[in-house]
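Everything numeric in this text was worked out from a predicted model, so none of it was measured.
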Amino acid sequence: MRNQPPPFHGSCLCGQIKYEVRSEIKAVTHCHCRICQKAHGAAFGSYGSVALSDFSFTDGQAWVRSHASSPGVARTFCGACGSPLTWHQADGEWANWISLALGTLDTPFTPHRHRQAHAGSRPPWSPDGGHAGSSPAAPPQSR
């Protein structure tokens, strides 16, 4: 399945914030690090990256909040609904790139390939948390 050509559009859960991506989304990564787990409230965060110059918030900028999750890294989220939106490293090799939370895309997107990062941090309750091939949980006993 081919993606539609850019631009791609996205928004937060409540719709207050909207954004546009004006280039192909690259480096699709499912990150299992503890910071992504905490930021997403899930086993991992799924991100795609684009050049910083190809990403912009188009509506609701007043609702965009930022948190320094680690030295030099800022994560943005919606101040109204809490949706994670982006992360950006201010210095270093990737300073000209921004990563966007793929779950916030409104435009259909299918990556050509993707990778797992920090897979050793997968929690045991994750679908691939080291329990491949195990039986499903037993239903609760009724009394």
(message) Using modelled atom types and a 3.5 Å cut-off, is there a donor and acceptor pairing between side-chain atoms of Q37 and backbone atoms of S121?
(response) yes

Worked check of side-chain hydrogen bond (donor to acceptor under 3.5 Å, both in side chains) between T86 and T76: CA-CA 5 Å; T86 68; T76 63; 2.5 Å; yes

task = Look at the side-chain heavy atoms of Ile, Leu, Val, Met, Phe, Trp and Tyr, link any pair under 4.5 Å apart, and say whether I98 and V28 land in one connected group.
result = yes

Quiz item: Do you reckon L105 sits in the same ILVMFWY cluster as L85, going by side-chain contacts under 4.5 Å, direct or chained?
Solution: yes

I'd like to know if the side chain of H32 pairs up with that of Q116 as donor and acceptor (distance under 3.5 Å, no hydrogens or angles considered).
yes

#### Entry: Whether over 12 other heavy atoms sit under 6.0 Å from N96 CG
no

Residue set satisfying side chain to side chain donor-acceptor pair (under 3.5 Å) with S69, at least two apart, ordered chain then number -> R75

CG (D106) and SG (C12) are apart, to the nearest 0.5 Å, by 9.5 Å

So, do Q16 and C81 sit near enough that their side-chain heavy atoms are less than 4.5 Å apart? no

Heavy-atom closest pair (L52 atom, H88 atom, distance to 0.1 Å) is CD2-NE2, 3.6 Å

| message | Side-chain heavy atoms nearer than 4.5 Å, only ILVMFWY residues, links allowed to pass through others: does that put F77 and W87 together? | response | no

Flag, side chain of T29 to backbone of A27, donor-acceptor distance under 3.5 Å:
yes

_Cluster link W97 to I35, ILVMFWY, side chain under 4.5 Å_ = no

For residues 6-21, the salt bridge (Lys or Arg N to Asp or Glu O under 4.0 Å) pairs (sequence neighbours left out) are E20-R22

Between the CG atom in D59 and the OG atom in S56, the distance rounded to the nearest 0.5 Å is 11.0 Å

In short, H9 meets T107 closest at the heavy-atom pair N-OG1, 2.8 Å

(Q) Is any side-chain heavy atom of H114 closer than 4.5 Å to one of H30? (A) yes

When every non-hydrogen atom of A101 is compared with those of T104, the smallest separation belongs to O-OG1, 2.6 Å

Discussion item. Test your reading of the model: is there a side-chain donor-acceptor pair from S23 to the backbone of V50, 3.5 Å cut-off?
Written reply: no

Residues at least two apart in sequence or cross-chain that pass ring-ring contact (aromatic ring centres under 6.0 Å, His included) with F55, listed by chain then number, are Y19, F57

Q.
Check for me, please, whether L100 and Y47 land in the same ILVMFWY cluster - side-chain distances under 4.5 Å, paths through other members count.
A. no

